[in-house]
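Down below is the structure, laid out as structure tokens.
Nothing fancy with the numbering, it's 1 onward along the sequence.
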Amino acid sequence: MNALSVILTLLLLLDLLLDTALAYDYRIEVGANYEYLSPHRTYGDWRSGSVRFYHKCSSDFTYFLEGSFFSREKEGEAGLAVIGLYKDWSPWLYTYSSLSAGTTSSYLPKVRLDHEFYFKVGSEKNIVPSAGVTYIKYHDVHKDYIIYPGITYYGKGFVITYKYFLNKSQPGSVRSSSNLISLGIGQEGKSWTYLDVSYGKQAYLATYLTSPQEVRQNSFYTSLKHILWIRKDLAVSFGVSYFKLENGYKKYGFQAGFLKDF
């Protein structure tokens with residue numbers, strides 16, 4: 001079953017579910033990605049598709065379900081399932097939690113747990129410091145433990161975020177760090193344009209070597225994404241991205257999708 005068949009099947013199942021729901025808010029997001037890697041002979045093409053379904057149960061609680069399909073020319077195919085929760089606890093605190101599980105592959109996690117706290121401060125509650133933790137168990141011996149403080153500022157017609165990631169990779173207790181800066185300009189229901197920049201190091205213990213060695217590589221990532229509403233309940237999106245891994249590869253990405261509110 002290819003990525004398109006998986007997405008169409010999920011859409012049909014979601015359509016049946018939504019036909020029975022009248023009292024709540026829903027959103028469905030569908031996306032497809034193509035990535036060209038250089039050197040191409042070594043890495044080939046990467047393709048992926050995803051469907052995410054949101055259910056706003058109440059004014060302070062939303063959950064989502066996501067299914068993604070991945071196909072890498074040199075590494076094979078794999079799938080990922082995600083369930084996530086957004087919860088408002090008070091006028092100044094809300095949280096995000098998610099659980100992910102991937103099928104056996106060299107590039108997806110076996111299990112991933114994410115949890116993040118957001119604190120609304122300021123007279124307009126538009127300054128939001130945050131603190132997050134992530135645990136990732138891969139299909140081999142490797143595990144990652146990540147903590148990431150951050151801060152977001154919501155202005156009139158824009159939002160800007162900074163996060164700092166501290167990573168410890170096991171085995172070997174190999175430590176590394178990275179930075180993320182994100183700028184969004186627009187308005188919900190009209191359009192949003194997002195520019196993301198991430199830079200830092202990727203580090204781990206190469207256990208596949210006869211004598212395991214620590215590997216450290218600088219990395220740089222940037223993406224530009226635009227979301228345009230063509231109706232109050234329907235928007236399309238498209239974007240481009242670039243990633244460079246020191247002594248590794250360069251990756252050029254192209255993304256397209258849509259979202260529909262119910």
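Contact annotation: the side chain of Ser130 approaches that of Lys163 to within less than 4.5 Å [non-hydrogen atoms, C-beta and beyond]. Considering only heavy atoms from C-beta on, Pro91 stays 4.5 Å or farther from Lys120 through its side chain.
Between Phe243 and Tyr252, the gap from one ring centroid to the other reaches at least 6.0 Å. Proximity of the aromatic rings of His115 and Tyr96 is defined here by a centroid distance below 6.0 angstrom, and this criterion is not met. Between Tyr148 and Phe165, the distance separating the two ring centers is shorter than 6.0 angstrom. Ring-centre distance between Phe53 and Phe64: not below the 6.0 Å cut-off.
Using a 3.5 Å distance cut-off with no hydrogens or angles, the side chains of Asp25 and His55 do not pair a donor with an acceptor. For the 3.5 Å distance criterion, the side chains of Ser68 and Glu66 qualify, holding a donor opposite an acceptor. For the residue pair Tyr162 and Asn179, a side-chain donor N or O sits within less than 3.5 Å of a side-chain acceptor on the partner. Between the side chains of Asp261 and Tyr26, no donor-acceptor pair of N or O atoms lies under 3.5 Å. The closest side-chain donor-acceptor pair between Ser191 and Trp229, if any, does not fall under 3.5 angstrom. Side chains of Thr161 and Thr152: a donor-acceptor N/O pair is present below 3.5 angstrom, by distance only.
To the nearest 0.5 Å, atom OH of residue Tyr86 and atom OG1 of residue Thr62 are 8.5 Å apart. To the nearest 0.5 Å, the span separating CG on Asn218 from CG on Asn247 amounts to 9.0 Å. Between the CD1 atom in Ile28 and the CG atom in Leu259 there is a gap of 10.0 Å [rounded to 0.5 Å]. Atom CD of Glu35 is separated from atom CZ of Phe70 by 9.0 Å, given to the nearest 0.5 angstrom. Here the NE2 atom belonging to His142 is positioned 8.5 Å from the CG atom belonging to Asp144, to the nearest 0.5 angstrom. From Ile147, atom CD1 reaches atom CG of Leu166 across 5.0 Å, with rounding to the nearest 0.5 Å.
Hydrophobic clustering of Ile, Leu, Val, Met, Phe, Trp and Tyr side chains at less than 4.5 Å, counting indirect connections, keeps Tyr63 apart from Val82. Note: the hydrophobic cluster containing Leu180 does not contain Ile160 (ILVMFWY, side chain heavy atoms under 4.5 Å, direct or indirect links). Hydrophobic clustering (ILVMFWY, side-chain heavy atoms < 4.5 Å, transitive): Leu224 and Tyr34 are in one cluster. Criterion: ILVMFWY side-chain heavy atoms under 4.5 Å apart, direct or through other members. Under it, Leu65 and Val30 are part of a common hydrophobic cluster. Leu99 and Val133 end up in different hydrophobic clusters when Ile, Leu, Val, Met, Phe, Trp and Tyr side chains are linked at under 4.5 Å.
Contact record, Ser182 with Asp196: OG-OD1, 2.6 Å, taken as the closest heavy-atom pair. Residues Thr42 and Lys74 come closest through the heavy atom pair O-CG, 3.3 Å. When every heavy atom of Leu108 is checked against every heavy atom of Gly79, the shortest pair comes out as CD1-O, 3.5 Å.
Here Glu188 pairs with Arg27 in a salt bridge; the nearest charged N to carboxylate O distance falls below 4.0 Å. The pair Arg52-Glu29 fails the salt-bridge criterion, with no side-chain N (NZ, NE, NH1 or NH2) lying under 4.0 Å from an Asp/Glu carboxylate O.
Enclosure of atom NZ in Lys201 by more than 12 non-hydrogen atoms of other residues, nucleotides or ligands within 6.0 angstrom is indicated. Counting non-hydrogen atoms of other residues, nucleotides and ligands closer than 6.0 Å to NZ of Lys125 gives a total above 12. With a 6.0 Å radius and a threshold of 12 heavy atoms from other residues, nucleotides or ligands, Lys251 has its NZ atom above the threshold.
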Exercise for the section: Step by step, work out the side chain to side chain contact (heavy atoms under 4.5 Å, CB included) result for Tyr145 and Asn167. Expected result: CA-CA 6 Å; Tyr145 303 87; Asn167 185 89; over 6 Å; no
